[in-house]
Amino acid sequence: MILILVLSLTYLTYLGGLGELPPNDVRLIAKNYLNLTYNPYVKSLWASSPEAVTAIVWDYRGLDTLFETVVFYGAVLAAITLFRKVAKEKDMLQSKGMSVVVKRATAIVTVAMLTVAFSTALHGHLTPGGGFQAGAIGAVAPLVMIVVFGKRYLEDRGLSYGRLLSLRNLALTGIGVTSIALFTYALIQGGFSFIFQNQGKSLSPYSFPSYTLDVPSGGILLFFNVFEFLAVLAGFTLVFLILLGSDELLSKEFEGGENGY
Amino acid sequence: MRKLFKVLILSLGVFTVYIIYTGSVKLYDIATGVIVSLIVSYLTANIVIEDWRKALDLRRVATFIKFAFRYLLIDEVKAHALVIRLGLSPRLSLKPAIVKIPINSRSDYAVTMTSLAITNTPGTVVVDLTEDNSVLYVHWIYATKIEPQEAYKEVCEVFDSYARKVFD
């Protein structure tokens, strides 16, 4: 019975029951993308990145990704605005956290998580991964730490609202500066270059460095990945820090009775 | 000054993790690895490292490696064999009990190592430990001994003595 169902569905799909099938020469598109991302022979076309996805996300449609980052930034900003009364305060609950076994094991794992996150960010233009993924990996570390060690423990050791917000703003500024760095440089040199330009084009010879040490750098991609990593890491951590506050702290926010502003 | 040593010791470990995860040893990986390991260990050194001198004691490291082999090759196999025998026997002859086991490990990492070693062998699970980390409550699927000292000898004497040599 199941076999008949599967076979009939397969047949229907094959006949085009789900709409037009992709053409047989679909590999041409892949070939095109590869030619335009990592093609050392035609340097006016390449993005100097063996990772086609990152090249497309931050080079081809960099502006789109910039706005995605801004949307995320805005979402975190909205969360902070909602919790503005409690966001800056240290938690009054002196939580002892979990048992010593969990704490020690978590301490070691946290180090590994942060390391993996950094590696993912720094190799975003070489292997799958990139800024956002690295930020999401890295943000697990503070999340687990807050639960296991208690929020106050981390706050007493310098994880604060102000610092995270500064890191986030710094990273976002970094993305902005990177996107117009080459443009400014070209302007000073008396030439011209596009905003978000990565490697030299036929119209404009200015280019970010194609290699860092001995690997292709993806030029602008490396900077974008690192800044995006820091922005996402700080953003997520900020939200976790606020949402995982103790009941007493958060209830201040829910009491209401606030008039005006 | 103390923090500096902590950071340097930890950064060795971080650098190893970084290179293993990255899976390549080009110049770029080594350069970024050095920077990242310094940053990460600066951020986490105070939380992770209790006493940096112990990490430099080669005798402790050697004991730890010896324990790793012994644990995986002997203790794990013995525990698995017991649980497999219990699982396959037609009469489900279990003697489950939660036993109280005093341990001699004192430092945080030694207690952690002991109790994780117990938990990771099938058949025994650490349920809880007292506030001063001196007594473990262990759920044991086939409790042959109930008295604390006897149970200590059966379940965790090996782990405990190794943990003391490595971390205490």
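Below, read A as the first sequence line, B as the second, and so on, with proteins coming before strands; counting in each chain starts at 1. Every value quoted in this text rests on a predicted model; they were computed, and no experiment measured them. Only this structure's heavy atoms are used, side chains among them; waters, hydrogens and symmetry mates stay out.
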Between B/Tyr28 and A/Leu222, is any pair of side-chain heavy atoms under 4.5 Å apart? yes

Closest non-hydrogen atom pair, A/Ser119 against B/Thr22: OG-OG1, 2.9 Å

Under 4.5 Å, heavy atom to heavy atom, which residues of residues 148-168 of chain A contact chain B? A/Phe149, A/Tyr153, A/Leu154, A/Arg157

Neighbourhood of chain A inside [range], taking heavy atoms under 4.5 Å as contact:
| range | value |
| --- | --- |
| residues 57-72 of chain B | none |
| residues 141-168 of chain B | none |
| residues 107-130 of chain B | B/Asp108, B/Tyr109, B/Val111, B/Thr112, B/Ser115, B/Leu116, B/Leu129 |

Quick one: which of B/Thr32, B/Val17, B/Leu27 has the most heavy-atom pairs under 4.5 Å with chain A, could you say? B/Leu27

Hey, which of B/Asn133, B/Asp29, B/Ile20, B/Ile47 has the most heavy atom pairs under 4.5 Å with chain A?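 Result: the option with the highest number of such pairs is B/Ile47.
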
Max heavy-atom pair count under 4.5 Å with chain B, selected residue of A/Val111, A/Leu126, A/Thr106, A/Thr127: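 Looking at each option in turn, the highest pair count goes to A/Val111.
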
To the nearest 0.5 angstrom, please state how far the [atom1] atom of [X] sits from the [atom2] atom of [Y].
| X | Y | atom1 | atom2 | result |
| --- | --- | --- | --- | --- |
| B/Leu43 | A/Thr110 | CG | OG1 | 11.5 Å |
| B/Tyr18 | A/His123 | OH | NE2 | 4.5 Å |
| A/Ile108 | B/Thr44 | CD1 | OG1 | 11.0 Å |

Region of [X] that comes under 4.5 Å of a non-hydrogen atom in chain A:
| X | result |
| --- | --- |
| B/Val40 | side chain |
| B/Val14 | both |
| B/Ile35 | neither |

Got more than 12 heavy atoms from elsewhere within 6.0 Å of [atom1], [X]?
| X | atom1 | value |
| --- | --- | --- |
| A/Tyr73 | OH | yes |
| B/Lys3 | NZ | yes |
| A/Tyr33 | OH | no |

Honestly, the part of A/Lys96 sitting under 4.5 Å from a heavy atom of chain B is side chain

Measuring heavy-atom distances to chain B, does A/Thr120 have an atom under 4.5 Å in its side chain, in its backbone, in both, or in neither?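 Answer is both: backbone and side chain atoms of A/Thr120 are under 4.5 Å from chain B.
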
Report the C-alpha distance between A/Phe118 and B/Ile39 in whole Å, list the side-chain angles of each, state the deciding distance to 0.1 Å, and finish with yes or no for side-chain contact (heavy atoms from CB on, under 4.5 Å). CA-CA 10 Å; A/Phe118 269 99; B/Ile39 295 174; 4.0 Å; yes

